[in-house]
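Down below is the structure, laid out as structure tokens.
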Amino acid sequence: MGKTVFIGKRSNAAGGWGALKSCGKRLLESGSPISGARALMKANQPDGFDCPGCAWGDPEHGSSFEFCENGVKAVAWEATDKRTPPDFFAAHTVTSLQSWSDYELEQQGRLTHPMRYDPATDTYVRTSWDAAFAEIGEILNGFDTPDRAEFYTSGRASNEAAFLYQLFVRLYGTNNFPDCSNMCHEASGVAMKQAIGVGKGTVLLEDFEKADAIFVIGQNPGTNHPRMLGDLRRAAQRGAKIVVFNPVRERGLERFADPQDKLEMLRGGSTEIASDYLQPRLGGDMAAVRGMAKAVFAADDAALAVGQPSVLDRAFLARHTADFQAYRAAVDATTWAEIEDQSGLTRLEIERAADTYLSAERVICTWAMGVTQHRHSVITIREIANFMMLRGNIGKPGAGLCPVRGHSNVQGDRTVGINEKAPAAFLDALEKEFDFKAPRKEGHNVLAAIGAMLDGSARAFIGLGGNFARATPDSPIIAKALARQKLTVNIATKLNHSHLMPGEVSFILPCLGRTEIDRNSKGVSQIVTVEDSMSMVHGSGGINKPASPELRSEVAIVAGIAAATVGSAKVDWQALADDYDRIRDHIANVIPGFENYNERVRKPRGFHLRNSAANREWETPKGRATFWTGPLPAAVEHQVARGQDGVFVLQTFRSHDQYNTTIYGMDDRYRGVYGGRNVVFINPADLAELGAEAGDRSDVIGRSSDGISRIASDFRFVPYDIPRGCVAGYYPELNVLVPLSSAGDESDTPTSKSVLVSFRTKAATAAAA
Amino acid sequence: MADDVWQADFLAFVEAIRARDTTLSPLAAGIVAAVFQGISADSRSFAKLFGIAHALVLREINMLSGPDAPLEIIRRETRTQRTHIKLTVKGEALCRLIP
């Protein structure tokens with residue numbers, strides 16, 4: 001370019017908005033000159049930014065974080081100016097910090113330096129990265145078998161960090177991969193794999209624009225996936241019916257005011273989301289879905305009787321499914337009395353929901369942990385799949401199954417190998433790519449890992465993110481398990497209670513957050529990738545400066561531990577940590593669907609991992625979508641509870657100021673609770689029967705049959721719109737009541753949505769005294 | 001001024017900045033230009049006016065600010081991440097005519 005021309009400062013601000021936006025497009029081009037007429041080169045656009053707030057799909061990759069309350073909180077939480085430097089640890093013993101709340105610990109801010117626990121002073125003291133890696137490697141290599149170590153993964157970990165982590169762990173020699181998926185959507189993966197051959201949802205975000213009806217079961221998107229409310233709102237506005245099954249009346253599912261709709265905000269209006277809101281009892285979803293199937297069969301019989309076409313998709317059933325007749329027989333054998341009793345809904349309510357299903361050509365069914373954290377979750381999800389198959393609502397536009405994941409990359413972590421029982425094809429490919437013999441023995445999931453730590457067969461816990469001790473059930477038992485370890489390592493951004501249960505040797509290794517710019521040794525910023533609930537793989541680059549110059553990326557920390565433990569003969573860990581493109585090249589070579597990974601992930605929105613079931617290819621043993629043909633459970637917890645005086649079924653859930661174990665604040669504004677978290681939501685009639693009033697305090701007593709005493713002390717009653725016999729409260733505070741011994745059949749997921757409890761009110765205790 | 005003329009002027013100015021500092025991306029130079037011309041002085045209004053994802057603007061600003069950089073961060077709003085900026089001496093010099 002020749003001599004530059006000074007244009008100077010303008011008195012009037014700018015051209016029209018159109019001109020500014022046009023300029024904006026040009027500024028996103030990375031090439032030069034920008035003033036030329038060259039078309040926008042999308043492949044050269046700046047790297048996107050994936051909101052760490054949840055795993056919902058992202059149509060406009062980059063700024064969704066600021067249009068969503070969760071996204072804002074998640075980004076602000078990480079971008080805090082507060083720090084937890086070595087001086088903080090010097091001033092506080094671990095024992096003293098154990099009395100702090102989760103909220104107080106995280107409010108201290110970002111970790112800044114690698115720290116090692118010093119038992120003599122009961123404090124963490126600063127260490128160097130090299131010293132930490134060397135000692136971790138030495139201890140891991142000192143075990144008689146690699147199975148002594150448990151390698152936990154939080155759903156925050158990127159594809160790159162997770163892939164490298166599993167590679168290191170398998171080179172080390174074990175498949176012990178407890179991960180947060182074990183505690184949330186494991187049942188979805190198990191059930192869908194059995195039913196349709198793939199353990200992931202079959203819909204894309206675009207399907208929500210085409211659906212005639214959306215069934216939302218056991219899910220509270222207003223708090224857990226707020227961006228989903230935008231899609232539900234748009235669906236409702238164009239006339240789609242939204243049927244909600246949730247024991248708790250959740251405000252966000254009833255009406256939603258989109259903060260991006262200025263007219264709606266100015267008028268103080270909102271859009272009605274749920275066209276029908278049904279409140280089954282806890283654990284009653286399967287019966288409710290079976291009831292709808294029964295109503296559909298009745299409608300089909302009626303249509304055929306008068307010579308009308310079948311209301312079922314007979315062509316789909318004949319061509320694509322197996323065991324349909326056996327399912328029909330199972331439904332016929334289930335009486336309305338059983339269905340009403342177990343679901344807690346009336347036949348009329350269920351038939352009304354079935355009518356919505358029958359009047360819709362395209363139906364999506366979404367669900368979350370209200371479905372997955374029960375003993376019979378797997379068969380409940382099988383029942384949902386059954387129901388959807390009746391009218392061919394899998395594998396066509398505007399229809400499908402949609403388990404909505406919580407953490408932003410929990411699905412991706414499983415895809416890239418965080419799996420204690422990884423498929424043989426994956427292990428074969430990994431062996432071929434890296435020329436080693438991978439362990440084939442099934443490893444530990446979360447419950448097995450806890451068991452191994454408790455019985456002494458596991459001696460090391462490495463946590464790639466998360467807050468294991470608080471996320472898991474039976475919190476005091478987990479504390480004991482961690483304290484028995486020879487080695488604990490927590491890779492983290494902020495201090496949490498899992499760090500305060502040190503073993504013989506313990507490290508806190510501070511890492512970059514998703515929001516932070518991750519530069520390699522050449523100063524080039526790197527991107528990581530994640531997979532959302534719709535199997536879209538996005539690239540994400542940081543946007544803020546790192547909280548401390550000492551921080552390392554999760555990838556770099558995994559590489560450091562790996563190099564110190566298994567050496568670099570097979571894998572050049574340092575080179576991979578310095579260039580994530582190389583990790584992605586390996587992933588592309590190992591996992592089908594990731595071809596041209598580096599190229600495709602840099603396109604806006606990334607790329608979609610092909611879903612065989614969405615294409616009506618059924619990778620099941622029968623080669624078809626397969627009906628589950630069993631009966632309803634003999635009894636679910638609320639049926640058990642009502643036979644015992646004063647026993648309730650408790651579900652734990654998040655507050656609105658919370659993201660998994662991370663507590664952003666003490667309020668839950670959608671539910672009208674402010675300034676405290678030790679509350680129990682209860683039906684007003686049940687409250688009266690207990691002789692208590694709103695605000696009264698009570699201990700919550702676990703009523704598990706395993707003989708272990710479990711008490712959550714001093715909780716406040718909040719009358720709420722929830723079915724009788726059912727109560728709810730926040731985790732992690734109530735995790736002390738969730739028995740480790742109670743897990744989902746086939747999924748091993750803790751049954752956090754069906755915990756038997758009773759109450760010991762303070763008034764009653766005082767009167768007795 | 002017609003939009004297309006204004007647009008051409010603005011982009012020419014951005015190019016001029018980039019010619020003087022070849023390390024700047026078009027977006028970075030655009031932010032510098034917008035601050036200099038009084039169009040916007042914070043990340044969010046720039047993002048909104050120019051139709052660019054706020055995250056991308058934040059990233060540029062964070063990579064661009066520093067002791068020897070054209071931009072200085074004045075303050076950041078915690079909730080929205082809106083980041084208020086001003087030109088440093090270097091940034092001002094970058095935007096002025098080099099004889």
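Here is the naming used below: chain letters follow the sequence lines, and residue numbers restart at 1 for every chain.
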Self-check item: Closest approach of B/Arg76 to A/Ala79 (non-hydrogen atoms, all atoms of both residues)
Solution: NH2-O, 2.7 Å
Quiz item: Tell me, do A/Thr515 and B/Gln81 make a side-chain contact under 4.5 Å, heavy atoms counted?
Solution: no
Quiz prompt | pair B/Ile73-A/Lys545: side-chain heavy atoms closer than 4.5 Å | solution = no
Practice problem: Kindly write out the residues that satisfy ring pair (Phe, Tyr, Trp, His ring centres under 6.0 Å) with A/His407, not counting sequence neighbours, or none if the list is empty. | Solution: A/Tyr659
Exercise. Can you measure from CZ (B/Arg75) to CG (A/Asp81) and round to the nearest 0.5 angstrom?
Key: 12.5 Å
Quiz item: Side-chain contact, heavy-atom cut-off 4.5 Å: B/Asn62 with A/Ile517?
Solution: yes
Quiz prompt | For B/Thr78 against A/Ala76, the heavy-atom pair lying closest together | solution = O-CB, 3.2 Å
Quiz item: Looking at A/Gly541 and B/Arg59, what are the two nearest heavy atoms and their distance?
Solution: O-NH2, 2.8 Å
